[in-house]
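Each remark here refers to the structure printed beneath this line.
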There are 2 protein chains.
Amino acid sequence: MVPNRPFRPTPTNAKGKLLEAAVQLVRGNGFAATSVDQLCAHAGVTKGAFFHHFASKEALGVAAADYWSECTGAFFAEAPFHHHADPVDRVLGYIDLRLALIGGPVESFSCVAGTMVQEAFRSSAAIRIACEASIIGNARALEADIAEAMVQRGVTGTTAESLSRHVQVVIQGAFVVAKTQEESAAPDMARDALRHLRRYFEFLFRVPQERSADQ
Amino acid sequence: MVPNRPFRPTPTNAKGKLLEAAVQLVRGNGFAATSVDQLCAHAGVTKGAFFHHFASKEALGVAAADYWSECTGAFFAEAPFHHHADPVDRVLGYIDLRLALIGGPVESFSCVAGTMVQEAFRSSAAIRIACEASIIGNARALEADIAEAMVQRGVTGTTAESLSRHVQVVIQGAFVVAKTQEESAAPDMARDALRHLRRYFEFLFRVPQERSADQ
DNA sequence: CCGACCATACCGACCGGTTGGTATGGCGCA
DNA sequence: TGCGCCATACCAACCGGTCGGTATGGTCGG
């Protein structure tokens, strides 16, 4: 989720640099395959600094997921799609923003939480829960807009909670499938999935055909 | 994808037992966190046997993805949903089968290829390509039915290739998000996502409301 | 204004255990 | 006799984590 840097300030202290290194290295190589030494080298700090700030590698994983939650939460909270008057436009605006964020190598737009939970859901409850907070938290940020849109358009047969989670499902799945592709083809494959998600919402909210093509 | 055992014969030779061990352990712990020693212990063979059959751990990963492709390919090829006369019913039947396969702990219904590609897409091109073959191959198996259904219902604005891949996107995403949940809640979360996928296809293929509720 | 005292941040050598991988030898079947 | 199949023994590299130590800066009583 979210491009690699722009919206995240470059950290100056060792702890921040380690969290930033974790986000970058874990997205590319996964959690287990990223060693503490690699993290330290990439952050430009020593192992002493690492274990001064984090009790264990697992604790770093939890902190990285929390850091990720904060960064993405703040980014989406400030995004301009919230200003649309129509809640349907806000929901579609969120999807369009996610679409716009996809580009470059997969590790620059994929999700740390999704990557980590795949590896650690069984071995570390703490990491699993931190990743849940990140992903489900992201879903919840969209839930009110979806609920409002459902009422306005009279959508029944599902809930805003379920739909908001489905958005995250498609995003996470898009990242997984994009990773099966070589670098140049990956972004298109991810975007393709989000366009199907958009169309699903257009069906649900009965968006007229000409309006649905404007992205 | 696909439950843990039933449709896979219990292997008798060392190679088969190692592949089976790989499927089970990688789904639970990921590829990097699964050691060769663990694999051997779980398969009941020694390290000598491992490196007799596989040149490296990476080669085992590739072989496991190929093994997975064969097993799932054969399973879905023989599934009864193919017998529906209406191509729309075949497509929805596939989704319903996938729904029915979800249950128990996540590592019993999730996908080895999706799990491995998340970790190895950057470090091992061979594994990435084997996982691509598995996931995209699974998509391709549904492509003809989707194409036929699109023609029959006059669906435009997308392609059968894109739609068949989207099915895999939702399935993979459902596994990721399910892994954020504790064991008892995971299957429901995964099923919820597939129900949205089903509804998307019902919209696309203009399935009447009463028929869409029969699952 | 001072120096004793202490907390925080960080350093890098080091440890025991585990890793993926190898070398070699035996054993049953053609 | 040879070859596929596998077991045992072993290795160097690397792993997460520890530990003794230093540099810095704030906060006291006097």
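Every chain is numbered from 1, with letters handed out A, B, ... down the list of sequences.
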Query raised in the report: About how many Å separate CG of A/Leu204 and NE2 of B/His196, when rounded to the nearest 0.5 Å?
Result: 8.0 Å
Query - A/Arg90 and A/Tyr94: CA distance, side-chain angles, deciding distance, side chain to side chain donor-acceptor pair (under 3.5 Å) verdict - result: CA-CA 6 Å; A/Arg90 293 202 291 276; A/Tyr94 173 81; over 6 Å; no
Query raised in the report: Taking any atom under 4.0 angstrom from a heavy atom of chain B, which nucleotides of DNA chain D are the first and last to qualify, 5' to 3'?
Result: D/dC5 to D/dT8
Requested in this report: Please list, chain by chain and in numerical order, all residues satisfying ring-ring contact (aromatic ring centres under 6.0 Å, His included) with A/His53, sequence neighbours excluded.
Outcome: none
Report task. Check each residue of residues 33-40 of chain A for a non-hydrogen atom within less than 4.0 Å of any atom in DNA chain C, then write out the ones that pass by number, or none. Result -> none
Requested in this report: Check the distance between C/dC10's P and A/Asn13's CG and give it to me in whole angstrom.
Outcome: 6 Å
Report task. Could you identify which residues of residues 47-56 of chain A place a heavy atom less than 4.0 Å from some atom of DNA chain D, listed by residue number, or say none? Result -> A/Lys47, A/Phe51, A/Ser56
Report task. Decide salt bridge (charged side-chain N to carboxylate O under 4.0 Å, His left out) for A/Asp192 and B/Arg165; before the verdict, give the C-alpha distance in whole Å, the side-chain angles of both, and the deciding distance to 0.1 Å. Result -> CA-CA 9 Å; A/Asp192 227 37; B/Arg165 288 173 177 181; over 6 Å; no
Report task. For DNA chain D, determine which residues of residues 116-125 of chain B have any heavy atom closer than 4.0 angstrom to one of its atoms, and list them numerically. Result -> none
**Report entry** Lys/Arg cation over aromatic A/Tyr67: A/Lys15, 6.0 Å, 45° cone
**Finding:** no
Query raised in the report: When the aromatic ring centroids of B/His166 and B/Tyr200 are compared, is their separation below 6.0 Å?
Result: yes
Report summary line: The ring-ring contact (aromatic ring centres under 6.0 Å, His included) partners of A/Phe51 (sequence neighbours excluded) come to none
